[in-house]
Amino acid sequence: MLEIKDLCVDYGGIHALSGISMTVPDGKIVTMVGSNGAGKSTTLRTISGLVKAKSGSVKADGRELLGLPINKVLEAGIAQVPEGRRVFSNLTVLENLRSGAYLRRDKDGIEEDIRWIYSLFPILKERYWQPAGTLSGGEQQMLAVGRGLMSRPRVLMLDEPSLGLAPLVVQGIFSIIKEINKRGVTILLIEQNANMALKIADYAYVLETGRISIEGPGAALLDDDRVKEAYLGKYRG
Amino acid sequence: MAFFRKHIKTIVPILVLYALVVVLDLIPGVPMMLLTVLKKGAIYSLVAVSMNLLNGFTGLFSLGQAGFMLLGAYTYASLNISSGLKPIVYQYYTPLFRFSITEVLSGVAGSAGAVLGIVLSLVIAGLVAAFFAYLIALPVLKLRGDYLAIATLGFAEIIRALIQLEALAPVTNGSQLLRGFPYFRGLFAPFLISGVCIFLIVLIINSTYGRAFIAIRDDEIAAEAMGINLAYHKRLSFVISSFFAGISGAMLAMYQTSVQANTFKSAMTYEILLIVVIGGIGSVSGSCIGSFLFIAMSEWWLRFLDNSAYNIPGIPLLRPGFRMVVFSVLIMIMVLFFRRGIMGDREFSLSFFSKKTRGEGGRSDSRRETDE
């Protein structure tokens, strides 16, 4: 369980996050939607330790994560798939996966997880020897998700996995996110594609200029007029 | 043995090369110039590979190589000047080190001791360079791109000035040169030392550390998100690269039989950078091939351009210095039309000749076999 309380982040005087609170219960898919610059990525980067918070707390099963270096956060079972895929283009697919297990020392477990990821994404098995830079955008996103899973996280945070991908590919990625969740990995999903994200989410938060404006079960937010207007494009008759 | 079978296409050419070196060492009448090129090429191979580890594999654009070579060269020289020659070499100063490591050890164990002494002082030379790299890594590696290059270049120049300081003269002999230490007689020694060091670097590149270096080069943010400690790995790469630069500096001292600070100007760093670029950034074998080609071109093959006797009558084009003009043009052509260098980021192996390319990006070739 991931608990975020009154999290504030400043970028040199500019408030990126002004006191957000949210809960990510074990085994659920929680999503955070919002427009550009709302602070979605900042939230994720603060949780993982890439960005320093001004105040507030981020607790994983009661343990404070703020102020920990990124490798400790990862060891605490919280991994992230960064925005824009960011695979290591000169390393092969297999090496990319292995780099995700960088902090692990259990060789057998790593091999087992590689096989698991190959079963989730058969295309990666076919291309395991290719440099990741030669993959298509969708395949790179699959690789990025697989790499994130290689640390065997309890919570996987995904930053805009639909970015720059064709609608059909996005659907594929989302169904795999659901599949991963069914296997017991808690998901914190950050998306601009509110429609897709809300459909698979158990609970959702809408972020606007560093504050949470609306929250509720995913399906409920899909029907919410305010959400429709802001993110889904309301039909104006 | 499995290792041997897996890399047979790389190992065989290397063995052939070493056999050739031994033969060249034994038979008389080999052109002097060829020996010079091979010796210097072997030494430059090592420093080029060490620079490639930092610039090519870790993506840190550093220009401090000459400075670290200088530290290695002076360390090696000052520890090994034979005691008989000390009063002549240190004409105006009292030497701080009254002993010579090689002499002491050969006194204990004969010629085996002498070899051990040289190896030991080479390692010390590397360690001194690595120590200084460790010291400056903390502030310098916070910089990125061009700024890092400027800072490291500045460091190299500062070291070169400092070493000529009067106060350090009991070790460095001020601005006078150091000589009278054991040097390379044959061809085999420089090849062996370089070979062993380059092999160690290749092992590092293929280890988890190497993968972390490449990951940092490809994408720092993603590497950090995977839990790779950026500061630690950057410093590690910097220190390792400087260690081997220090050793190659000591080897250069052994090759030149004397050491003077003025040899290690920034121009030397640029030469090494050129070799790395010509050979291919991110290719170890490219750096080696590049360094032999570079040395052969600059020292040997283009020599005739300096000789006005070869002029076509009526066109007085060839004259001393013209070689460098042609050389610069060749390099410009190289950089303009072969941007990825001779090897790109691939590695040399015999499968190069049998099948030109298998799939995209040749680097994957050899890895396909190593990975599963």
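Chain letters run A, B, ... following the sequence lines, proteins first, then strands; residues in each count from 1. Heavy-atom basis, side chains included; hydrogens, waters and symmetry copies ignored.
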### Query
What distance separates B/N206 CG from A/E95 CD, expressed to the nearest 0.5 Å?
8.5 Å
### Query
Which value, rounded to the nearest 0.5 Å, describes the distance between B/D219 atom CG and A/N90 atom CG?
11.5 Å
## Note on the structure
Sequence neighbours excluded, the answer for ring-ring contact (aromatic ring centres under 6.0 Å, His included) partners of B/F155 is B/F68
### Query
chain B contacts: which residues in residues 37-61 of chain A have a non-hydrogen atom closer than 4.5 Å to it?
A/R45, A/L50
### A/L91 side, atom CG; B/R211 side, atom CZ - distance, nearest 0.5 Å
8.0 Å
### Task
Count the heavy-atom pairs under 4.5 Å between each of A/S99, A/A144, A/P82, A/A101 and chain B, then report the option with the highest count.
A/S99
### Message
Would you say that more than 12 heavy atoms from the other residues, nucleotides or ligands in this model lie under 6.0 Å from the NE2 of A/H15, or not?
### Response
no
### Query
For B/F292, does the CZ atom sit with more than 12 other heavy atoms under 6.0 Å from it, leaving out its own atoms?
yes
### Query
Which distance, rounded to the nearest 0.5 Å, do you find between the CD1 of B/I214 and the CZ of A/F88?
10.5 Å
### Message
I need the full list of ring pair (Phe, Tyr, Trp, His ring centres under 6.0 Å) pairs touching residues 134-161 of chain A, with sequence neighbours left out, sorted by first then second residue.
### Response
none
### Task
Can you see which heavy atom on B/M226 is nearest to which on A/G100, and at what distance?
SD-CA, 3.6 Å
### Atom pair CD/CG of B/E224 and A/L74 - distance to nearest 0.5 Å
11.0 Å
### Task
Count the heavy atoms of every other residue, nucleotide or ligand shown that sit under 6.0 Å from CG of B/L336, and state whether that count exceeds 12.
yes
### Message
What residues of residues 150-164 of chain A make heavy-atom contacts with chain B at a cutoff under 4.5 angstrom?
### Response
none
